[in-house]
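A short write-up of the structure that comes next.
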Amino acid sequence: MFKEYDVIVVGAGHAGCEAAAAAANLGSKVLLCTMNMQTIGQMSCNPAMGGVAKGQIVREIDAMGGYSGIVTDRSMIQFRMLNLSKGPAMWSPRAQNDRMLFAAEWRNMLEQTPNIDFWQEMVAGLVVKNNRVVGVRTSLGIEIAAKAVVLTNGTFLNGIIHIGEKQFGGGRMAETASTGITAQLVGLGFEAGRMKTGTPPRVDGRSLDYTKMEVQDGDTPVGRFSFTDTQLPKQQRCCWITYTNDKVHDLLRTGFSQSPMFAGRIKGLGPRYCPSIEDKIERFSQRDRHQIFVEPEGWNTVEIYVNGFSTSLPEEVQYKALQEIPGFENVKMFRPGYAIEYDYFPPMQLKPSLETKIVDNLFFAGQINGTTGYEEAACQGLMAGINAHRNANELEPVIIKRHEAYIGVLIDDLINKGTEEPYRMFTSRAEYRLLLRQDNADLRLTPLGHAIGLASQERLDRAMKKKEDAAAILKHFADMSINPDEINHLLVEVDSAPINQKVKLINVLLRPHVDMNLLKRADRIGAYLAQFGDDALQHAEIEAKYETYIQKEEEMAGKMNRLEDIRLRTDFDYRTINSLSAESREKLNKVKPATLGQASRISGVSPADISVLMVHLGR
């Protein structure tokens, strides 16, 4: 039935879909294994993509040639750019999506991708010979050969669902858990752990009173994630905001004695930055209300996602508490919220390529590495798929550095610091976040994506044109002088002091509250700017206004990057260097860093230890 594949991807969630697409588009023959073909690309939790730092990741995936941005645009029901009141490093796109359409688009794109085959069955184990994976073994006992394997098991590895005092096996509600792989990997020498995540109830939108809630509309015009010309919705669905109150909290507390989290039945740590509602009212007892986002699940469904009300309390407690939320007095519940506990493998057991250190040709991506979120999973899947293909073809891996992308920050954090709780990306995790903006992801990563064969020539041409247009705009602004009568009426509108003589246009742009949209209303300037797209105009404006800060970050990144050029032997025994601290010797031996730069980012390795290593290396 099966010939040997170049790459087998286990699991068809966000990580698995991106891994399969990347490897196949690079030329590998790929087999995507899933326990259910109907849940390919499913949004297991909230029907949304993007958000703070997560939106930047989706744009980076798209810039590399991945699919998440395109799928998101094609299935969005609302778009919002978050943090516009802050600087451009914080601007973060977020889309509300049609859950069913999102999964359908993913499946359609994968089925239209040459080189991808599908197999619906549980993968029960790996075929490993001489510390090298050579295939997978299914629950039917079928062995399928492969040059590389990517595990993207999500929450399915020995998954247990908790609702109050009830618990049962499952990877998602109404779906069975995956067994066998954890025990085999532990037997091979891997360290495993347990994590927990949760999801809120789903309710009937027809039973809600929206007049008691705040309306949250999408942006106009509608934005997009992909740097291609994806088709965008002609209209948007609104969301709503409401709040819990003391009565809601008191009712929830009546179920605490039956809570699997408080009773200790859940051993795994949950996501710090997305706590359950019971965790919120326990940890933040001084707050008398918590925000609830009321989010439609699609265009043609009445199902509502109650964002902010994740819970594993008994279903009757959930229902009674929901009824006390303004607008939810007559709520009908489709299904209760629940918690799920699952196996993961601490990611310090991985190389920067996401290949495991213990077994060659084996890659991990997504929640198996301890992350949470669709976007974090998808970018790992992209990189694991790229590097599995390159591994199968005996090519050097692609490693994205911290100053190049949030993808690089995420992977670097995981492999050097590990995580004992579900890892979520934030802009604060990136020390060079002004360089890693959502608007310039194409300029940062499309040349790399094109060089390795993933991003198309059309994508590269589009990115280069944007870069050239922005440079031309800035040069024109530096050369062009503007008269007071051309601009003063606009400056007054934004409370900016009028000019009394000719000035260079660039000096006007650098003023607070002056932007390209304002300048386009000046006749001579508007006529010139009309030839350029909005992307180029925005890029030119940011580059001008933040030039000094961008240069400083580039200089800092350059200094740190020099350490990345100093290679370290991955088989070196750091216990032989007595002048290193005891903690440093232990951590360096555990991580086995590939470069001095990677060594410098390991928790417990001090600047003094780096100096010792440089002396040892003759530097």
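In this chain, numbering begins with 1 at the start of the sequence shown.
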Do the two ring centres, one from Y574 and one from H616, sit under 6.0 Å apart?
->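 No; H616 has its ring centre 6.0 Å or more from that of Y574.
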Does the ring centre of Y342 sit less than 6.0 Å away from the ring centre of Y344?
->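 No, ring centres 6.0 Å or more apart.
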For the [atom1] atom on [X], are there more than 12 heavy atoms of other groups (residues, nucleotides or ligands in this structure) within a distance under 6.0 Å?
X: F168; atom1: CZ; result: yes
X: Q551; atom1: CD; result: yes
X: E420; atom1: CD; result: no

Do [X] and [Y] have side-chain heavy atoms sitting under 4.5 Å apart?
X: F118; Y: L110; answer: yes
X: V409; Y: R433; answer: no
X: M348; Y: V591; answer: yes
X: V150; Y: L354; answer: no
X: L596; Y: I610; answer: yes
X: S178; Y: V123; answer: no
X: E376; Y: N369; answer: no
X: L445; Y: I400; answer: yes

Check for a donor-acceptor pair, side chain of [X] on one end and backbone N or O of [Y] on the other, with a separation under 3.5 Å.
X: D360; Y: R132; value: no
X: T419; Y: P422; value: no
X: Q56; Y: W91; value: yes
X: E553; Y: L434; value: yes
X: R137; Y: A124; value: no
X: E121; Y: L140; value: yes
X: E564; Y: M560; value: no
X: Q598; Y: A594; value: yes
X: N440; Y: L435; value: yes
X: T446; Y: A63; value: yes

Ignoring hydrogens, what is the shortest heavy-atom contact between [X] and [Y]? Give both atom names and the distance.
X: I340; Y: G171; answer: CD1-O, 2.9 Å
X: S92; Y: V52; answer: OG-CA, 3.4 Å
X: I61; Y: I407; answer: N-CD1, 4.4 Å
X: G366; Y: T371; answer: O-OG1, 3.2 Å
X: L382; Y: A22; answer: O-CB, 3.8 Å
X: G41; Y: C17; answer: N-SG, 3.8 Å

Residues [X] and [Y]: side-chain donor-acceptor under 3.5 angstrom:
X: N589; Y: D573; result: yes
X: N36; Y: E175; result: no
X: E278; Y: S259; result: no

Parallel, tilted or perpendicular: ring planes of F345 versus F190, cut at 30 and 60 degrees =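 Rings of F345 and F190: perpendicular, over 60°.
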Using the six-membered ring wherever Trp is involved, compare the ring planes of Y374 and H14 and label them parallel, tilted or perpendicular (cut-offs 30° and 60°).
->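 Taking H14 first and then Y374, their aromatic rings lie parallel (interplane angle under 30°).
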Atom pair [atom1]/[atom2] of [X] and [Y] - distance to nearest 0.5 Å:
X: L157; Y: Q367; atom1: CG; atom2: CD; answer: 10.5 Å
X: Y406; Y: R437; atom1: OH; atom2: CZ; answer: 10.5 Å
X: D343; Y: N153; atom1: CG; atom2: CG; answer: 9.5 Å
X: I415; Y: S353; atom1: CD1; atom2: OG; answer: 8.5 Å
X: E583; Y: I602; atom1: CD; atom2: CD1; answer: 11.0 Å
X: K590; Y: E586; atom1: NZ; atom2: CD; answer: 7.5 Å

Between the side chains of [Y] and [X], is the shortest nitrogen-to-carboxylate-oxygen separation below 4.0 Å, so that they form an ion pair?
X: E396; Y: R390; result: no
X: E431; Y: R402; result: yes
X: D412; Y: K401; result: no
X: E60; Y: R444; result: yes

Cationic tip of R429 within the cone over Y423's six-membered ring, i.e. under 6.0 Å and within 45° of the normal?
->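 Judged by the rule, R429 and Y423 form a cation-pi pair.
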Cation-aromatic face contact R59/F227, 6.0 Å, 45 degrees |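 Here R59 passes the 6.0 Å and 45° test against F227.
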Should T72 and F102 be marked as a side chain to side chain contact (heavy atoms under 4.5 Å, CB included) after you check the CA-CA gap, both sets of side-chain angles, and the distance that decides it?
-> CA-CA 7 Å; T72 300; F102 184 92; 3.8 Å; yes
Tell me, with the steps shown, if L350 and L414 meet side chain to side chain contact (heavy atoms under 4.5 Å, CB included).
-> CA-CA 9 Å; L350 301 175; L414 291 176; over 6 Å; no
Report the C-alpha distance between K147 and D6 in whole Å, list the side-chain angles of each, state the deciding distance to 0.1 Å, and finish with yes or no for salt bridge (Lys or Arg N to Asp or Glu O under 4.0 Å).
-> CA-CA 5 Å; K147 296 176 183 176; D6 296 312; 3.4 Å; yes
Derivation and outcome, side chain to side chain contact (heavy atoms under 4.5 Å, CB included), residues H450 and R459 = CA-CA 8 Å; H450 180 265; R459 278 184 176 272; over 6 Å; no
Quick one: do D609 and R585 satisfy salt bridge (Lys or Arg N to Asp or Glu O under 4.0 Å)? Show the steps, please.
-> CA-CA 9 Å; D609 293 319; R585 289 198 298 270; over 6 Å; no
Option among T155, I266, I160 that satisfies the side chain to side chain contact (heavy atoms under 4.5 Å, CB included) test with K196 =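 Exactly one candidate clears the test, I266.
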For S68 and E375, run side chain to side chain donor-acceptor pair (under 3.5 Å): C-alpha distance rounded to whole Å, both residues' side-chain angles, the deciding distance at 0.1 Å, then the answer.
-> CA-CA 8 Å; S68 286; E375 304 82 2; over 6 Å; no
Check the pair F572, L613 against side chain to side chain contact (heavy atoms under 4.5 Å, CB included), reporting the backbone distance first and the verdict last.
-> CA-CA 12 Å; F572 184 75; L613 287 177; 5.7 Å; no
